[in-house]
Amino acid sequence: MLLALALPVALVGTSCGGGDGHTVFAASSLTDLMPDLIEAYRDAGGEGHFELSFGGSQTLAAQVIEGAPAELFIAANEETAARVVEAGHRLREAPLWRNHLVIAVRADSDIDAIEALAAPGVRIAVGAPDVPVGALTNRVLDLLAEADPATVEAIRANVVTEDTNVRVALSRVELGEADAAFVYRTDIEAAANEDVRAIELPPGMPATQYVAVLLTGASAETESLFDFFANHRFDNLVREAGFDVSPSVTPTPTP
């Protein structure tokens, strides 16, 4: 039986440069990175006050579609960004960075490889299927099932919770509510928790692509911020946070 959600899943507002700012919605996996990027933007001469709101990408997308007054949306996968684009809220969009999946376990855990997650009694936390980290987890498990369906079936049977964002899934391990969780590599690095460690997946596994969508009605200041992201002005900070940076991606031109 899936565990009930133990932590509230509310947006976290962070003011950068003062109140009454331009609202930026960003995936919860960017909670630690985004304030640093905003600071770097302002250090480079960028202007404007920005209010950051973090949450599951699917929740933020739904709020944008329902009319939330956001000016920029950064989703943790292409599919969620596409929902906002298809609903007619796009001015411009650009692929940004990539993130890889790892398995979070307690530092003293005996789990040392993904195969160990198939053992009886192992409690696994994952993202819900409509959450980018959950969708990526399913892609990875489907790929692994091609070579070892029995092991993957046992892993899926050990899932005890499907959470609404990746930070909640990680907290399950930190709080002892789960023995392992599928999370992003950057979440382990951001946690800086010596009680939790990451187990790498086999090579060749897919990654998730973050996408920025400049939303209709965005201010000139927010468009300038979007351009900084789209043109990869902060790739050094992004790389230091554990994301993968592709120098070949380019922003979608203005219609």
*Sub-4.5 Å side-chain heavy-atom contact between Ser109 and Asp179*: no
_Contact summary for Gln209 and Trp97, nearest pair of heavy atoms_ = NE2-O, 3.3 Å
*Taking atom types as modelled, find out whether Ser224 and Glu47 have a side-chain donor-acceptor pair closer than 3.5 angstrom.*
no
*For the pair Asn165 (side chain) and Val131 (backbone), establish whether a donor and an acceptor sit closer than 3.5 Å, ignoring hydrogens and angles.*
no
*Can you find a pair of side-chain heavy atoms, one from Leu96 and one from Phe234, that are under 4.5 Å apart?*
no
*Please name the pair of heavy atoms, one in Ala207 and one in Arg98, separated by the smallest distance, quoted to 0.1 Å.*
CB-CB, 4.4 Å
*Within-4.5 Å side-chain heavy-atom neighbours: Arg92 and Glu223*: yes
*Pair Thr31-Arg167, side-chain donor/acceptor within less than 3.5 Å*: no
*Check the pair Asp112 / Arg197 against salt bridge (charged side-chain N to carboxylate O under 4.0 Å, His left out), numbers first and verdict last.*
CA-CA 10 Å; Asp112 58 2; Arg197 59 183 172 86; over 6 Å; no
_Which atom of Leu225 lies closest to which atom of Leu72, heavy atoms considered_ = CD2-CD2, 4.1 Å
_With side-chain contact (heavy atoms from CB on, under 4.5 Å) as the criterion, how do Leu91 and Phe226 come out once you've worked through the C-alpha distance, each side chain's angles and the decisive distance to 0.1 Å?_
CA-CA 11 Å; Leu91 286 178; Phe226 169 88; over 6 Å; no
*Considering all heavy atoms of both residues, which atom of Ser57 and which atom of Ala76 are nearest to each other, and what is their separation?*
OG-N, 3.0 Å
*Of the non-hydrogen atoms in Thr80 and Ala75, which two are nearest, and what is the gap between them?*
CB-CB, 4.2 Å
*Does atom CG of Asp43 have more than 12 heavy-atom neighbours, drawn from other residues, nucleotides or ligands, at distances under 6.0 Å?*
yes
*Minimal non-hydrogen separation, Leu60 against Ser53, with atom names*: CD1-O, 4.2 Å
